[in-house]
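Hydrogens, waters and symmetry mates play no part in the numbers below; they use all other heavy atoms, side chains included.
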Amino acid sequence: MSHAPRLSATEIHIVPGLRLANNPRDPRWRPERQFTATTLPRDCRRWLLDDSSLTARLVALNAGAFSVRRLYQGWQVPLPSEQRLLQIPPRQRALVREVVLQLDGRPVVFARSLFPVSSLAGELAHLRRLQNRSLGAILFRYPNMRRSPFELTRITGNSTYLAPVVRQAEDAWARRSCFELGGKRLLVSEVFLEGFRPWEGLLAVHRSRRGKVNAAIRSTNH
């Protein structure tokens, strides 16, 4: 029986009173193709379905200094739908990292990333030690990176899927997709919080990579 490796002091970080390992509720995620112009407003679609780097998009807004605040990192058994996308056995643990993306200290996006044990070997081993750095800024540097089609959901502001520190009064749009680098998978979900305000701003939706990147691993996700 295999066991997840022990974490060193640099691999786990819990801010007291903010986030502990828990069993969050698995939202009802649906493939992007199931959303119509009626169920997914145009302004939201521009952000939720844009497959370029979200970090780069937030920086380009010039709406304040961009920063990443790590809330939690540790080994957990992924949620059932996460296991399906990562294609791992039901009881296998993964390294879970939860952060808040901020503009001038204002939380705008809550992100949850999962790294199976097998994906943290070799050239990706450094992903254990991201600290307060942006994962997206690193992933998009890999020229052979592939990304799956998005799954979307609308979650309640008090959902246990969110870290307690970012729960809110309003419902929130969320998206997730798998990244594949050298045959290794990781899963990233992003929840757009109340503090995210540029829904109506101009955004050039990049599709130059979308067909190539998403179609490449489409058949393995469903």
If you draw the axis of the six-membered ring of Phe179, does the NZ or CZ of Arg185 fall within 45° of it and under 6.0 Å from the ring centre?
no
Backbone of Val68 reached by a side-chain donor or acceptor of Gln102 within 3.5 Å
no
Does the Gln76 side chain pair with the main chain of Val96, one donor and one acceptor, at a distance under 3.5 Å?
no
For Phe66, which residues count as a ring-ring contact (aromatic ring centres under 6.0 Å, His included) partner, sequence neighbours excluded?
none
Is it true that a side-chain atom of Asn132 and a backbone atom of Arg69 form a donor plus acceptor pair closer than 3.5 Å?
no
Salt bridge (charged side-chain N to carboxylate O under 4.0 Å, His left out) with Arg97: which residues, sequence neighbours excluded?
none
Donor-acceptor pair, side chain of Thr153 and main chain of Ile155, under 3.5 angstrom:
no
Of all residues at least two apart in sequence or in a different chain, which pass the side-chain contact (heavy atoms from CB on, under 4.5 Å) check with Ala63?
Leu61, Leu103
By side-chain contact (heavy atoms from CB on, under 4.5 Å) - contacts of Ser81 (at least two apart)
Asp26, Trp29, Arg84, Arg176
Name the one of Arg57, Arg45, Arg147, Arg175 that satisfies salt bridge (Lys or Arg N to Asp or Glu O under 4.0 Å) with Asp50?
Arg57
All side-chain contact (heavy atoms from CB on, under 4.5 Å) counterparts of Thr36, not counting sequence neighbours:
Thr38, Thr39
Tell me whether Arg112 is salt-bridged to Glu82, with the criterion being a basic N under 4.0 Å from an acidic carboxylate O.
yes
Do Ser159 and Arg167 have side-chain atoms, one donor and one acceptor, less than 3.5 Å apart?
no
What verdict does the salt bridge (Lys or Arg N to Asp or Glu O under 4.0 Å) test give for Glu98 and Arg70, after you've listed the backbone C-alpha separation in whole Å, the side-chain angles of each residue and the deciding distance to 0.1 Å?
CA-CA 6 Å; Glu98 296 178 340; Arg70 187 175 64 168; over 6 Å; no
Side chain Arg133, main chain Ile138, donor-acceptor under 3.5 Å
no
Run the side chain to side chain donor-acceptor pair (under 3.5 Å) test against Asp104 and tell me which residues pass, sequence neighbours left out.
none
Main chain of Arg154, side chain of Arg28: is a donor-acceptor contact present, judged purely on distance under 3.5 Å?
no
Okay, side chain of Glu151, backbone of Ser177: is any donor-acceptor separation there less than 3.5 Å?
no
